[in-house]
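See below for the structure under consideration.
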2 protein chains.
Amino acid sequence: MQRDKKTFYQSATPILVAVDCIIFGFDNEALKLLLFKRKVEPFKEEWSLIGSFVEPDEGVKAAAGRVLRESTGLSDIYMEPLGYYGSVDRDPGDRVISQAHFALIRLGEEEIRMANTHRAHWFGLNAVPELILDHRQMVEDALAQLRRKARYQPVGFELLPEKFTIPQLKKLYDAIYQRTFDRRNFRKKILSMNILEKLDEKDKTSSRKGAYLYRFDQARYEEMVEKGVDFSL
Amino acid sequence: MQRDKKTFYQSATPILVAVDCIIFGFDNEALKLLLFKRKVEPFKEEWSLIGSFVEPDEGVKAAAGRVLRESTGLSDIYMEPLGYYGSVDRDPGDRVISQAHFALIRLGEEEIRMANTHRAHWFGLNAVPELILDHRQMVEDALAQLRRKARYQPVGFELLPEKFTIPQLKKLYDAIYQRTFDRRNFRKKILSMNILEKLDEKDKTSSRKGAYLYRFDQARYEEMVEKGVDFSL
DNA sequence: CCAAAAGTGTTATCGCTACACCCATGA
DNA sequence: TCATGGGTGTAGCGATAACACTTTTGG
């Protein structure tokens with residue numbers, strides 16, 4: 001499919017391009033990072049982010065989507081590009097330019113069990129093992145971006161199930177920013193944004209009284225963005 | 001140099017990788033964008049961002065630096081990665097993944113004249129001509145990033161000469177955000193950040209009274225970042 | 001002496017922070 | 001009935017926004 005295009009750019013040299021995914025999850029307590037035992041040399045059997053080379057007839061974004069699908073079994077995961085890692089010597093296996101992406105996953109019991117079967121494991125952020133190449137750097141950059149991003153966009157919701165409680169959401173933000181927000185102020189701020197829809201159900205798994213479940217209101221959020229919202233906590 | 005590494009990743013297919021630069025400048029009135037008449041087919045002679053292929057023994061960032069140097073003659077330009085543009089069919093000349101970067105330049109008379117000689121031209125943001133490929137999209141994304149970034153980092157200073165006045169700085173922010181900030185509040189906010197060093201000189205080019213010149217205090221800014229600053233206007 | 005831009009101060013309002021009490025419920 | 005987490009209200013403070021007057025100086 002590419003062949004008939006090769007009339008231009010003859011003098012340029014192609015380079016291997018990979019996508020790597022920093023996959024975060026939240027288990028109601030802490031942020032987790034999904035890592036894999038690498039299957040190929042060099043660094044076979046060491047802990048690594050999941051990645052793949054970009055195919056010639058595949059968009060970069062599509063490649064990242066494919067990697068996520070293949071590694072988690074899930075197909076509509078929130079994902080966004082993080083940046084390139086492009087030094088000449090970053091991979092001793094060859095000159096490879098990596099496009100890092102970060103992804104956010106709603107963690108249920110199944111996801112955790114599933115992952116732990118195939119050479120994959122969810123690590124708490126304070127227990128991340130040594131990683132190959134510049135993957136440690138990628139993880140740090142992804143975390144920084146998640147924090148930055150969560151300030152002005154409701155990305156956090158991607159880490160929660162469809163229905164969630166305010167205390168649950170607060171715990172997530174506590175985990176992301178490694179601090180403890182004030183219950184009352186957090187609630188006030190979040191509700192004042194008008195992007196949550198209160199449901200009639202309660203979740204009683206974590207208290208006798210039960211907490212109301214909410215749903216993220218995508219439509220209302222888009223409206224807000226139009227008008228220019230400030231989303232900082 | 002690469003040959004002896006090629007023991008791994010045999011099955012992967014290399015792809016052409018380019019860097020493209022969105023170069024902004026400020027002429028004390030409006031934000032300008034530097035564009036070039038393309039020298040190669042396809043789309044020869046059409047307006048385009050400046051770019052180049054990444055060489056096999058060259059880091060991606062280095063490639064962007066080289067492009068900036070070659071196209072402007074300047075070597076320490078502020079530049080940061082914007083993102084990749086990686087769809088399969090974005091360039092009819094071949095499958096090319098582009099790494100977009102945006103750069104900020106201090107515009108003096110010379111820069112403007114210089115540019116206008118070699119097939120290059122500074123365009124006002126409202127007068128940008130039709131661009132090849134997805135370059136229009138890149139420009140829009142870069143502008144969005146500039147606005148986002150200028151909120152929490154003093155990136156605007158890169159667009160001004162070393163010594164500048166507060167009214168000048170305000171004009172720049174007016175241009176970036178396409179609105180008119182209040183003179184007094186702007187001054188108060190900027191000065192309260194403590195990142196400007198007041199000089200004894202005045203600039204009299206734009207008023208009889210003259211405005212004090214200031215210098216950006218990099219060191220003090222770094223301190224602020226440590227403590228976690230809010231930089232929003 | 002006047003036009004034109006630079007510089008300064010005050011007030012009202014809004015949003016954030018800190019903080020204490022009541023509520024619902026299962027054991 | 002009590003322990004536990006969920007839900008609500010308020011007062012103080014700091015930051016922002018709106019706004020008007022004085023200063024300087026070349027012509």
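The sequence lines fix the lettering, A, B, ..., with proteins before strands; numbering per chain opens at 1.
- A:Val67 approaches A:Gly51 most closely through the heavy-atom pair CG2-C, 4.0 Å.
- Atom NZ of B:Lys170 is surrounded by more than 12 heavy atoms from other residues, nucleotides or ligands within 6.0 Å.
- Listed for the B:His101 side chain is no donor-acceptor partner under 3.5 Å among the backbone atoms of B:Cys21.
- Separating the CD1 atom of B:Ile166 from the P atom of C:dG7 is a distance of 7 Å, rounded to the nearest angstrom.
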Report, as a single string ordered 5' to 3', how protein heavy atoms within less than 4.0 Å touch nucleotides 21-27 of chain C: B base, S sugar-phosphate only, - not at all. --BBBBS
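- Remark: A:Thr165 engages A:Pro167, A:Gln168, A:Asp203, A:Ala211, A:Leu213 in a side-chain contact (heavy atoms from CB on, under 4.5 Å) (not counting sequence neighbours).
- The nearest whole Å value for the distance from the CD1 atom in B:Ile190 to the C1' atom in D:dA17 is 16 Å.
- We find that OH of A:Tyr212 is positioned 10 Å from C1' of D:dG7, with the value rounded to whole Å.
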Indicate every side-chain donor-acceptor pair of residues 76-83 of chain B with a distance under 3.5 Å to a residue at least two apart or in another chain.
| unit_1 | atom_1 | unit_2 | atom_2 | d |
| --- | --- | --- | --- | --- |
| B:Tyr78 | OH | B:Glu80 | OE1 | 2.4 |
| B:Glu80 | OE1 | B:Lys149 | NZ | 3.1 |
| B:Glu80 | OE2 | B:Gln145 | NE2 | 2.9 |
| B:Glu80 | OE2 | B:Lys149 | NZ | 3.3 |

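- Protein atom NZ of A:Lys198 is 7 Å distant from nucleotide atom P of D:dG7, rounded to whole Å.
- Across all strands, A:Ser206 comes closer than 4.0 Å only to sugar-phosphate atoms, never to a base (heavy-atom distances).
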Under 3.5 Å between N/O atoms: give me all the protein pairs with nucleotides 10-13 of chain D, atom names plus distance.
| unit_1 | atom_1 | unit_2 | atom_2 | d |
| --- | --- | --- | --- | --- |
| D:dT10 | O4 | A:Lys188 | NZ | 2.7 |

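- A straight line from CG of A:Asp182 to P of C:dG15 spans 18 Å, rounded to a whole angstrom.
- B:Glu45 has no carboxylate O lying under 4.0 Å from a charged side-chain N of B:Lys37, or vice versa, which leaves the two without a salt bridge.
- Put simply, CG on B:Leu191 is 16 Å from C1' on D:dT16, counting in whole angstrom units.
- Ring-plane geometry between B:Phe181 and B:Tyr173 is classed as perpendicular, the angle between the planes exceeding 60 degrees on a 0 to 90 degree scale with a lower cut at 30.
- Ring orientation note: the planes of A:Phe216 and A:Tyr221 are tilted relative to one another, at an angle of 30° to 60°.
- Regarding A:Arg187, its CZ atom lies at a distance of 11 Å from the C1' atom of D:dG5, rounded to whole Å.
- B:Phe186 has its CZ atom 15 Å from the P atom of C:dT8, to the nearest Å.
- Looking at residues two or more places apart in sequence or on another chain, you find no ring pair (Phe, Tyr, Trp, His ring centres under 6.0 Å) involving B:Phe24.
- Over its length, the helix from C:dC1-D:dG27 to C:dA27-D:dT1 turns its helix axis by 10°, as judged from the five terminal pairs at each end, rounded to 10°.
- Across A:Leu34 and A:Ala120, no two heavy atoms sit closer than the pair CD1-CB, 4.2 Å.
- Between B:Phe164 and B:Phe157, the ring planes lie tilted relative to each other; the angle falls in the 30° to 60° range.
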